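Here's the structure we're looking at; comments come further down.
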Amino acid sequence: MGITYECIKNVMNEVPTPCYIVSEALLEKNLKLLRSVSDQTGCKILLAQKAFSMYYYYPLIGKYLDGVTASGLYEARLGYEELCQKQVIDSGNTAKRCENHVFSPAYRKTQTDELFQICDHAVFNSFSQWTTYREAALRAGVSCGLRINPECSTQEHAIYDPCAPGSRLGVTLENFAEYAPEELKGLEGLHFHCLCEQNADALVTTMNAVEEKFGAYLYQMKWLNMGGGHHITRDDYDVETLAALLERTQKKYGLTVYLEPGEAVALNAGFLVTQVLEIVSNHGIATAIVDTSAACHMPDVLEMPYRPPLYNSGEAGEKACTYRLAGPTCLAGDLIGTYSFDRELQVGDRLVFGDMAIYSMVKNNTFNGMPLPDIIALDKNGAWQTVRQFGYEAFKGRL
Ligand SMILES: Cc1ncc(COP(=O)(O)O)c(C=O)c1O
């Protein structure tokens, strides 16, 4: 899986539980790889904040990436306040520009004034959205784009497939043809997002469909945003194929390509440390109840679904002692997965889940009044500090 737990070994017994720990060294390793792709090809890479918004690390991210992208006003504000605005202030305006992009399937009229002040790029999901907000966006100097839907599914997770029939995400060729070319005036970019945790071959397939359907319009665009879902920092990712595709596309159409990965930025850079609270056994199934919850602290485990990697464990039956790990909530299905260990688990034992930076802290919740995990930063020297702590107020304040 490409997860290294080395950095966590010395701290896993010291930190409060539950907590997310994000390693600066592992994050920077990913960032360096992403930067090498943009250096080699001239493309621009943005952090999709929906996957990872731990803004403590935005200064580090800003050293390597070209900016951030948002799903709406709040993420856009976060990117602006914690990265773009700070970079401008820090550098006295001389550094490379930090870009702040936004895409939403439907904007709210009450928010667009502010959005267009703090974002330099905005992507619209339909011609109707575009014509509604065109004037205000252009007046504010925003570079505008339209999300297209090439209707090319390359993956099996229906819930993450924006190309499924009837999808609300992006303009299909049929709808596009109705408005082009007149309504394209003022648009500088096209955007597609079709992938989820995929390799470069899926991007090649998708790009073929994009060119076949929308290629004629690409010549008049300044940029093409290829969305996220590119698992560039995964060990087996084919960076060469990606780079070749980026170079070819930019050259052929004379535009700048943007990638906006979320997962790839913080892939395998985070951990969730928990401890065993209780062990119960029924019908021969031993369950360790831990102080973290799939439903509350790692919702993708249930949504995707997937079995998160766990340090020092095996598949069910692989090692001597097998346990289900489950959350302390009322939800019968709050099951994290079944794992085996070299020895019997004891109350108080600490367990470390891997790959817990992405889509975990941005999606967590306080169902059952569950405390939210602390957020901890682990620096390159192995020192850790708590960046955020959440108490009762975090629960009460949402209700
Ligand atoms: C429009 C858009 N861009 C970027 C992303 C980031 O994708 P990932 O985290 O899979 O790289 C998403 C994820 O849903 C998205 O919807």
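As the structure is a prediction and not an experimental result, all values here were calculated from the model. Counting convention: from 1, in listed order, for ligands and their atoms alike.
When each of His193, His191, His101 is checked for a side-chain hydrogen bond (donor to acceptor under 3.5 Å, both in side chains) with Glu260, only His191 meets the rule.
Atom numbering of ligand 1 starts at 1 in the shown order; those under 4.0 Å from a heavy atom of Ala48 are 4 (C), 6 (C). Set against the non-hydrogen atoms of Pro261, the atoms of ligand 1 under 4.0 Å away are 11 (O).
For ligand 1, the polar-atom distance check finds an N/O of Glu263 within less than 3.5 Å of one of the ligand's N/O atoms.
Ring geometry for Phe341 versus Tyr339: interplanar angle of 30 to 60°, hence tilted. Ring geometry, Tyr107 versus Tyr133: the interplanar angle exceeds 60°, so the pair is classed perpendicular (tilted spans 30 to 60°).
Annotation: atom 4 (C) of ligand 1 to nearest protein heavy atom, Glu260 O, 3.2 Å. Nearest to atom 15 (C) of ligand 1 among the protein's heavy atoms is Lys50 NZ, 3.0 Å.
Contacts of His193 with ligand 1, taken as heavy-atom pairs under 4.0 Å, involve the side chain alone. With a 4.0 Å heavy-atom cut-off, ligand 1 is reached by the side chain of Arg147 but not by its N, CA, C or O.
Close to ligand 1: Tyr359, with a non-hydrogen atom less than 4.0 angstrom away.
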Would you check, one step at a time, whether the test disulfide (SG to SG under 2.5 Å) holds for Cys152 with Cys194? CA-CA 8 Å; Cys152 172; Cys194 306; over 6 Å; no
